[in-house]
Novice: 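Okay, here's the structure, questions in a sec.
The chain is numbered in sequence order, starting from 1. Whatever order the structure lists them in is the order used to number ligands and atoms, beginning at 1.
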Amino acid sequence: MSDVQHLDAACYHASPGFMDHLAGELPAPYRTDGELLTVMGPELQAYWTRNVWQKPFVAEFGSIKEAASLLRSIQRNWAPYVHRHARRTALIAEALPPLPSKPKAFPFNLPDNPMGAFTLLDEHSLMASARCSSPWPNGELSFLEDKEGPPSRAYRKLWEALVMAGSMPGPGQRCVDAGASPGGWTWALAGLGAEVVAIDRAPLDESVARLPGVTAIKHNAFTLKPAELGPVDWLCSDVICYPPALFDWVSGWLEAGLARNFICTIKMQGADWDRATVAKFAAIPGSRVLHLWHNRHELTWMLVRP
Ligand SMILES: C[S@@+](CC[C@H](N)C(=O)[O-])C[C@H]1O[C@@H](n2cnc3c(N)ncnc32)[C@H](O)[C@@H]1O
């Protein structure tokens with residue numbers, strides 16, 4: 001086994017379907033391995049990623065066993081990014097401790113153990129990183145789903161955002177869910193025991209409107225003033241709108257000082273994405289913007305206070 005060679009670089013693994021968005025965010029890569037772009041220098045802000053390999057290294061190896069023991073000597077968890085030599089990559093993964101593969105029951109805490117990632121560059125060399133931005137293997141997360149309760153599957157992105165935030169609404173807390181129809185997010189918030197004011201121009205599914213603690217308001221969410229709604233612990237939005245309209249609405253709430261935590265989906269319109277508005281969201285102190293595993297052509301902005 002040759003020595004491990006650390007790279008002064010980061011490897012950006014594109015969110016599925018958004019390789020072009022990611023490539024447009026980054027300078028020219030030093031190398032491209034499928035949907036993994038290795039860019040020299042310190043880690044850069046890139047939103048359209050499923051995972052970022054933060055401390056990449058390359059190493060040569062003779063056998064599958066040798067590759068697995070090198071990785072195992074560093075830490076327990078390694079997710080294979082299968083690109084070149086798929087069979088060999090899978091055999092190395094099989095020689096490593098198994099990764100949790102079952103859908104997870106919400107809620108749960110972020111795992112304590114780091115999740116690494118590796119891929120083969122050729123038959124006898126691998127690239128890997130023990131430190132990655134996502135706690136999930138290759139950024140992939142699946143929940144044990146409720147196929148009957150929620151009227152849409154959109155609740156999964158709210159669940160993912162709450163797990164990432166490490167904080168949840170609960171009994172005695174008040175949430176506003178803007179763009180609530182048909183009611184997946186409201187169902188998830190009510191399921192945590194919180195009170196929910198669900199606002200949409202379209203009706204809420206009746207089964208959700210009847211849940212304890214849910215109040216449905218049929219209205220344009222953007223024309224209701226914060227003072228009319230009063231203080232909220234969690235201000236959530238999944239409204240389909242142009243990003244600047246969402247930003248103006250959020251700014252009004254921030255100025256009013258009536259919302260403690262925010263989770264909002266920034267939905268992109270058309271084929272491109274609104275970098276300028278995303279930059280404005282990202283500049284809000286204490287907040288972050290992520291492409292969650294359950295996001296589509298959208299990013300999640302969250303401001304969750306300790
Ligand atoms: C993606 S859907 C929301 C799905 C919902 N989060 C769920 O979990 O079922 C977007 C919603 O935004 C609503 N919407 C669009 N503009 C709105 C506005 N100005 N005020 C309130 N709702 C709006 C639409 O009626 C639509 O129901």
Novice: Report all side-chain donor-acceptor pairs from residues 206-217 shorter than 3.5 Å, counting only partners two or more places apart or in another chain.
Specialist:
| unit_1 | atom_1 | unit_2 | atom_2 | d |
| --- | --- | --- | --- | --- |
| Ser207 | OG | Asp205 | OD1 | 2.6 |

Novice: Any carboxylate oxygen within less than 4.0 angstrom of a Lys/Arg side-chain nitrogen, looking at Arg50 and Glu35?
Specialist: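 Looking at Glu35 together with Arg50, the answer is no, because their closest N to O distance does not fall below 4.0 Å.
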Novice: Specify whether Trp78 and Phe118 have parallel, tilted or perpendicular ring planes, treating 30° as the upper limit for parallel and 60° as the lower limit for perpendicular.
Specialist: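 Answer is perpendicular, since the angle exceeds 60°.
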Novice: Would you check ligand 1 and list the protein residues that come within less than 4.0 Å of it by any heavy atom, ordered by chain and number?
Specialist: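 Lining ligand 1: Ser152, Ala154, Gly179, Ala180, Ser181, Pro182, Gly183, Gly184, Trp185, Asp200, Arg201, Ala202, His219, Asn220, Ala221, Asp238, Val239, Ile240, Lys267.
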Novice: Within the distance-only criterion (no hydrogens, no angle test), does the side chain of Trp185 pair as donor or acceptor with the backbone N or O of Ala154 below 3.5 angstrom?
Specialist: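 Looks like yes, one N/O pair under 3.5 Å.
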Novice: Is the ring pair Trp48/His297 parallel, tilted or perpendicular, if the boundaries are 30 and 60 degrees?
Specialist: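 Trp48 and His297: tilted rings.
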Novice: So among Asp33, Val82, Leu126, which one has a side chain to side chain contact (heavy atoms under 4.5 Å, CB included) with Leu120?
Specialist: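 Per the side chain to side chain contact (heavy atoms under 4.5 Å, CB included) rule, the option paired with Leu120 is Leu126, out of Asp33, Val82, Leu126.
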